[in-house]
> 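The following block contains the structure, expressed as structure tokens.
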Number of protein chains: 2
Amino acid sequence: MAEIRVDHAQTLAKVQIFSGLTESELAFLAQRSVPRRFSPGETVFSEGEPCAGLYVVESGHLRIFKSSAGGREQVLSIDGPGSSVAELPVFDGGNYPASVTAVDDATLLFVSKQDFQALCLAHPQVALKVLRVVGARLRRLVGIIEELSFTTVRHRLASFLLRLARTEGKRTADGVEVTLPVSNQELASQIGTVRELVSRNLSRFQSEGLVSIDGRSVIIHDLKALEAELRSAE
Amino acid sequence: MAEIRVDHAQTLAKVQIFSGLTESELAFLAQRSVPRRFSPGETVFSEGEPCAGLYVVESGHLRIFKSSAGGREQVLSIDGPGSSVAELPVFDGGNYPASVTAVDDATLLFVSKQDFQALCLAHPQVALKVLRVVGARLRRLVGIIEELSFTTVRHRLASFLLRLARTEGKRTADGVEVTLPVSNQELASQIGTVRELVSRNLSRFQSEGLVSIDGRSVIIHDLKALEAELRSAE
DNA sequence: CGGTCGCCGTGACAAAAGTCATCGGCACGC
DNA sequence: GCGTGCCGATGACTTTTGTCACGGCGACCG
């Protein structure tokens, strides 16, 4: 038992919003946090539910999204180890504004609203840290709005490919090779459109000679040309 | 001079994030805040500028928006007296994520980053208050994303009219009368489209008998029918 | 008064987005 | 092996969105 608590304290120490706490404070928090495991696809909570507390990601990834009446989904964020979700509704008393599911096998720590608020009052630095991560979240949301409002699906797809190329692209003779990490359906949810348009726009990139597609692997022949796509949008 | 300070302290007391501070704390803050006046259309700060501090609205209204290379704008929020803008970039150290201009004649109080951070450390409740208002902001942004991602211009326009009807609609024999508070151009920026589409969709509502338009005044004949528009989107 | 400017409405058009239906492949389980 | 389900591609079509160009109106100014 004691070891489990220590494990959790170590997990908590790696979470941005809790960095800077003393060991005893972490232990205290660990004692009050509840570990929960989730399987791929399992839902952590749904939009509209009353907010009981926040979750810290120990391992695995979470998918934060909105869903429409017609069955479409819009992904707001994918969060991995060390991040926390639902920090905000904890404070304004409202319900969860979006739904969260596990992407893969995930272990989370649940911290109740009360414990967390008490912690923030006792340790003002924690509140400041929360504000910092929330700032990042807000920036991402504003970025999504900007893309949805000003750009086309083609543009957003190019943008997605380039991001991928930057983070995990491998240089080859023909250009940079990336592997699409998710299904077209999921990709569509992330860039705010439907499956068919992702498929079509990828084909179009290929027929224009910008990329070659082989299964889930995409070779970007001309990085510059793809980047030019971004600038062409106004 | 002393009177001016007192005035500012009274202003600050009405601001959500500062409610709960003692008089002397407010006076201290008032002493350090700088009053600034803006004319309609004048810009308070622009997206991308380094963040120097936050602004509190004493009178008038501010317009927070993103603008695209092609000259389009997307309004994120309109804020009036008692609210504050740019609470967030103060904490994460980044630049302002969006631009802000005055809608009408506005008087603001500027509080520097340093002063505000110090205040949050000294008074943890302030940080919690900030988190609460930031929560509201985040909800609004998520709402915008939802609308942009899932709905049509027609839908968003219907939504806008209904919101207007609820807040300031006058009952008449023919239905509920509302007055469009802004130009079509501005309305377009608020619902994420262009002038022409606002104009066209309003005409279409009229030709379908849902509303009658006379200049800037719109009479909504059938509230239920317009609300049905919302449900029809999936 | 005449000019300029900002706003509105509209027609004509082009492009993008989305829907529906169909087909083929691949994996998994029984 | 064979059904079932998920995924991807694609054609045909509709709807929506956006662009360009124009003309009209009213306010305001010199």
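Convention: sequence-line order gives letters A, B, ...; per-chain numbering from 1.
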> Can you check the E186(B) CD to dC7(C) C1' distance for me, whole Å?
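Atom-to-atom, E186(B) to dC7(C), this comes out as 13 Å.
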> What integer distance in Å separates I213(A):CD1 from dA9(D):C1'?
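Rounded to whole Å, this separation is 11 Å.
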> May I have the distance from L187(B) (atom CG) to dC7(C) (atom P), rounded to whole angstrom?
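Distance, rounded to whole Å: 13 Å.
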> Under 4.0 Å between a side-chain N/O of R72(A) and OP1 or OP2 of dG18(C), yes or no?
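Yes, R72(A) has a side-chain N/O under 4.0 Å of OP1/OP2 on dG18(C).
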> To the side chain of S199(B), which of dT17(D), dT10(C), dG8(D) is closest?
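Closest of the options to the side chain of S199(B): dT10(C).
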> Side chains of S77(A) and D79(A): any donor to acceptor distance under 3.5 Å?
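Yes, because at least one side-chain N or O of D79(A) sits under 3.5 Å from a partner of the opposite role on S77(A).
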> Does any non-hydrogen side-chain atom of I145(B) lie less than 4.5 Å from one of K66(A)?
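Sidechains of I145(B) and K66(A): no contact.
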> Could you state the atom-to-atom distance from CZ of F150(A) to P of dT17(D) in whole Å?
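In whole Å, dT17(D) P and F150(A) CZ are 16 Å from each other.
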> Rounded to whole Å, how long is the line connecting atom CG of L197(B) with atom C1' of dG9(C)?
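Atom CG in L197(B) sits about 13 Å away from atom C1' in dG9(C).
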> Report yes if the side chains of F38(B) and T101(B) come closer than 4.5 Å at any heavy-atom pair, otherwise no.
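In short, these two side chains do not touch, never coming nearer than 4.5 Å.
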> Would you indicate which nucleotide in dA17(C), dT16(D), dG8(D) comes nearest to any side-chain atom of N184(A)?
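Side chain of N184(A) sits closest to dG8(D).
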> Any side-chain N or O of T152(A) below 4.0 angstrom from OP1/OP2 of dA15(C)?
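Looking at the OP1 and OP2 atoms of dA15(C), neither is under 4.0 Å from any side-chain N or O of T152(A).
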> Mind calculating the distance between CZ (F205(A)) and P (dA9(D)) to the nearest angstrom?
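Distance check: F205(A) CZ to dA9(D) P gives 14 Å.
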> Within the 4.0 Å heavy-atom criterion, would you say E196(A) contacts the bases, only the backbone, or no part of the nucleic acid?
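Base contact.
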> Please report, rounded to the nearest Å, how far the P atom of dA17(C) is from the NE2 atom of H155(A).
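Taking atom P of dA17(C) as the reference, NE2 of H155(A) is at 11 Å.
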> Ignoring hydrogens and geometry beyond distance, is the side chain of R195(B) in donor-acceptor contact with the base of dG9(C) at under 3.5 Å?
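Side chain to base: pair found, below 3.5 Å.
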> Answer yes or no: is there a side-chain heavy-atom contact under 4.5 Å between S199(B) and L202(B)?
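No, their side chains stay 4.5 Å or more apart.
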> Which is more 5' along DNA chain D, the nucleotide nearest V182(A) or the one nearest V194(B)? Just name the residue.
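Its nearest nucleotide lies further toward 5', so the answer is V182(A).
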> Can you identify which nucleotide, out of dC8(C), dT10(C), dA17(C), has its nearest atom closest to the S183(B) side chain?
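Closest nucleotide to the S183(B) side chain: dC8(C).
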> Please state how far atom CZ in R216(B) lies from atom C1' in dC25(D), giving the value in whole angstrom units.
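One finds 13 Å between C1' of dC25(D) and CZ of R216(B), rounded.
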> Looking just at side-chain N and O atoms, do Q206(A) and S212(A) make a donor-acceptor pair shorter than 3.5 Å?
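Not at all, the side chains of Q206(A) and S212(A) share no donor-acceptor pair under 3.5 Å.
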> Nearest to the side chain of R200(A), heavy atoms from C-beta on, is which of dA21(D), dT19(D), dA12(D)?
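Shortest atom-to-atom distance from the side chain points to dA12(D).
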